[in-house]
Amino acid sequence: MDRNAKVAVTLGDPAGVGPEVIVKALAALPSDERRDFVIVGNVEALERADRVSGTGLKFEPADAPGDDRIAVDEVPLGAALPEIGKVSPVAGDASVRYITRAVDLAMSGRADVIVTAPINKEAMNLAGHHHDGHTGLLAHLTGSKSSFMLLASERLNTIHVSTHISLKGAIERAKTERVLATIEAGHNHFLRLGKKARIAVAGLNPHCGENGLFGTEDMEFLAPAVEQAQAKGIDVVGPISADTVFARAYNGAFDLVIAQYHDQGHIPIKLVAFETAVNVSLGLPIDRVSVDHGTAFDIAGTGKANHVNMLSAIAYARLMARSPRREM
């Protein structure tokens with residue numbers, strides 16, 4: 001990674017484990033590499049996390065960090081620091097303002113990539129921010145029509161046609177245009193990282209509908225999307241029955257699977273790479289990587305939170321920072 005590149009790390013929900021996994025991850029890095037990071041959040045929340053984690057880090061404002069201190073872009077809470085481990089509208093509002101500030105840094109070129117710690121959707125909505133999570137909020141803040149969720153791990157990668165909507169809504173969304181756009185987003189991302197991906201499209205219905213016996217969506221919408229992508233030179237096949245395609249990809253047949261809805265893609269990834277898979281937002285004018293876990297209120301404040309996933313997110317963010325965005 002270019003030493004001049006800057007990674008903006010959002011604190012997530014300050015009542016959750018986000019601050020703890022951040023300080024633990026940064027403490028695990030060589031001290032000179034910490035200069036590449038700016039934490040978007042609150043010094044008070046980070047110091048609380050440092051006390052329970054025993055990392056011994058020091059924090060200073062981003063405009064004047066010392067050589068041995070972590071830069072923090074302070075976002076005022078406007079209230080007392082929320083109680084740890086509790087759903088709070090104050091924490092929900094803070095988490096949105098951290099993200100908003102990080103997007104501003106990225107859109108203005110002051111950050112090359114954003115890494116996000118987990119937020120709590122209930123807290124966010126209690127604060128009046130009615131989005132489905134990071135994915136929808138980031139699309140809104142960047143003025144993007146839509147975005148795509150890629151879950152990336154060492155042996156299995158999956159990008160989703162839809163994410164945080166009902167199963168009924170997901171079925172309605174699995175139309176040719178959206179499936180094709182998802183294929184293209186995944187294809188372009190892998191090209192950016194230097195590889196032409198072998199892509200498989202997972203079927204929507206059991207056994208891809210068995211020629212209409214269990215539904216016609218695979219024939220009507222998914223197959224045409226695959227054919228149109230192939231005509232554009234993309235290495236893609238399908239639809240392939242979802243009960244086999246992920247195992248085939250894990251064993252090396254494919255680099256990327258197009259999942260038709262949230263659980264179809266999340267379950268296999270979390271089964272094989274629960275601690276290391278990361279969430280990458282595609283289709284935005286900025287780069288964003290996130291941990292693939294929640295706020296874990298049940299262990300927040302205990303110092304038990306595992307930071308391995310945050311280290312994976314940081315590593316993937318660095319990979320993206322040194323891989324120029326491509327004009328498609």
Side-chain angles (χ1 to χ4, degrees), residues 5-16 18-19 22 37-42 45 62 71-78 82 88-152 159-165 173 178 181-182 185 188-189 192 262 278-295 310 313-314 316-317 320-321 325 328:
K6 184 65 70 175
V7 180
V9 185
T10 61
L11 204 63
D13 189 305
I22 289 171
F37 296 85
V38 58
I39 311 304
V40 182
N42 306 102
V72 180
D73 192 321
E74 184 78 20
V75 178
L77 280 172
S88 159
V90 172
D93 183 62
S95 65
V96 172
R97 287 192 287 120
Y98 302 152
I99 298 162
T100 302
R101 175 61 176 164
V103 167
D104 179 61
L105 294 177
M107 294 285 282
S108 64
R110 287 171 288 169
D112 297 287
V113 59
I114 297 172
V115 174
T116 56
I119 59 176
N120 182 277
K121 298 177 184 63
E122 181 183 359
M124 185 173 72
N125 277 270
L126 284 173
H129 304 289
H130 303 300
H131 299 280
D132 64 353
H134 273 116
T135 304
L137 176 58
L138 288 165
H140 170 72
L141 291 173
T142 59
S144 302
K145 181 179 178 182
S146 64
S147 61
F148 303 89
M149 180 187 291
L150 169 73
L151 298 184
I159 185 171
H160 298 68
V161 173
S162 65
T163 51
H164 297 128
I165 58 176
R173 196 170 194 191
R178 177 67 181 184
T182 309
N188 291 337
H189 178 68
R192 175 184 176 182
H262 183 281
V278 297
N279 181 332
V280 185
S281 294
L282 304 183
L284 301 175
I286 61 173
D287 291 331
R288 175 260 182 171
V289 184
S290 179
V291 295
D292 190 31
H293 63 73
T295 49
M310 177 56 75
I314 287 171
Y316 205 96
M320 294 184 74
R325 295 176 71 91
M328 302 297 177

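Quantities reported herein were computed from a predicted structural model and do not represent experimental measurements.
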Which pair of heavy atoms, one from His160 and one from Arg178, lies closest together, and at what distance?
-> O-NH2, 4.3 Å
side-chain hydrogen bond (donor to acceptor under 3.5 Å, both in side chains) partners for Ser281, two or more places apart | Arg288
Aromatic rings Tyr316 and His189: how do their planes relate, parallel, tilted or perpendicular, breaks at 30° and 60°?
-> parallel
pair Val280-Met320: side-chain heavy atoms closer than 4.5 Å = yes
Sub-4.5 Å side-chain heavy-atom contact between Ile314 and Val7 = no
Evaluate salt bridge (Lys or Arg N to Asp or Glu O under 4.0 Å) for Asp287 paired with Arg192, printing each intermediate quantity in order.
-> CA-CA 12 Å; Asp287 291 331; Arg192 175 184 176 182; 2.6 Å; yes
With the side chain counted from C-beta on, respond yes when Asp13 and Pro82 share a heavy-atom pair under 4.5 Å apart, and no when they do not.
-> no
Spell out, as yes or no, whether a donor-acceptor pair under 3.5 Å connects the side chain of Ser88 to the backbone of Ala91.
-> yes
Below 4.5 Å, heavy atoms only, C-beta onward: do Val289 and Asn279 meet side chain to side chain?
-> no
Under 3.5 Å, is there a donor-acceptor pair between the side chain of Asn42 and the main chain of Ala45?
-> no
Heavy-atom closest contact (Leu11 atom, Ile22 atom, distance) | CA-CD1, 3.8 Å
For the residue pair Ile119 and Ile99, establish whether any side-chain heavy-atom pair is separated by less than 4.5 Å.
-> yes
Results of side-chain hydrogen bond (donor to acceptor under 3.5 Å, both in side chains) for Asp104 - residues two or more places apart only | Arg101, Arg110
Kindly indicate whether the side chain of His134, heavy atoms from C-beta on, has any atom under 4.5 Å from the side chain of Met149.
-> no
Any idea which heavy atoms bring Ala185 and Phe148 closest together, and the distance?
-> CB-CD1, 3.7 Å
Side chains of Asn120 and Ser95 in contact at under 4.5 Å (non-hydrogen atoms) | no
Any sub-3.5 Å donor-acceptor pair from Ser290's side-chain atoms to Thr116's backbone N or O?
-> yes
Tell me, please, which residues at least two apart from His129 pass side-chain hydrogen bond (donor to acceptor under 3.5 Å, both in side chains).
-> Asp93
Nearest atoms (heavy-atom pairs only) where Leu284 meets Ser144 = CD2-OG, 3.6 Å
Closest heavy-atom pair and its distance - Ala71, Phe37 | CB-O, 3.8 Å
Taking all non-hydrogen atoms of both residues into account, name the closest pair between Thr295 and Pro118 and its distance.
-> CG2-O, 3.6 Å
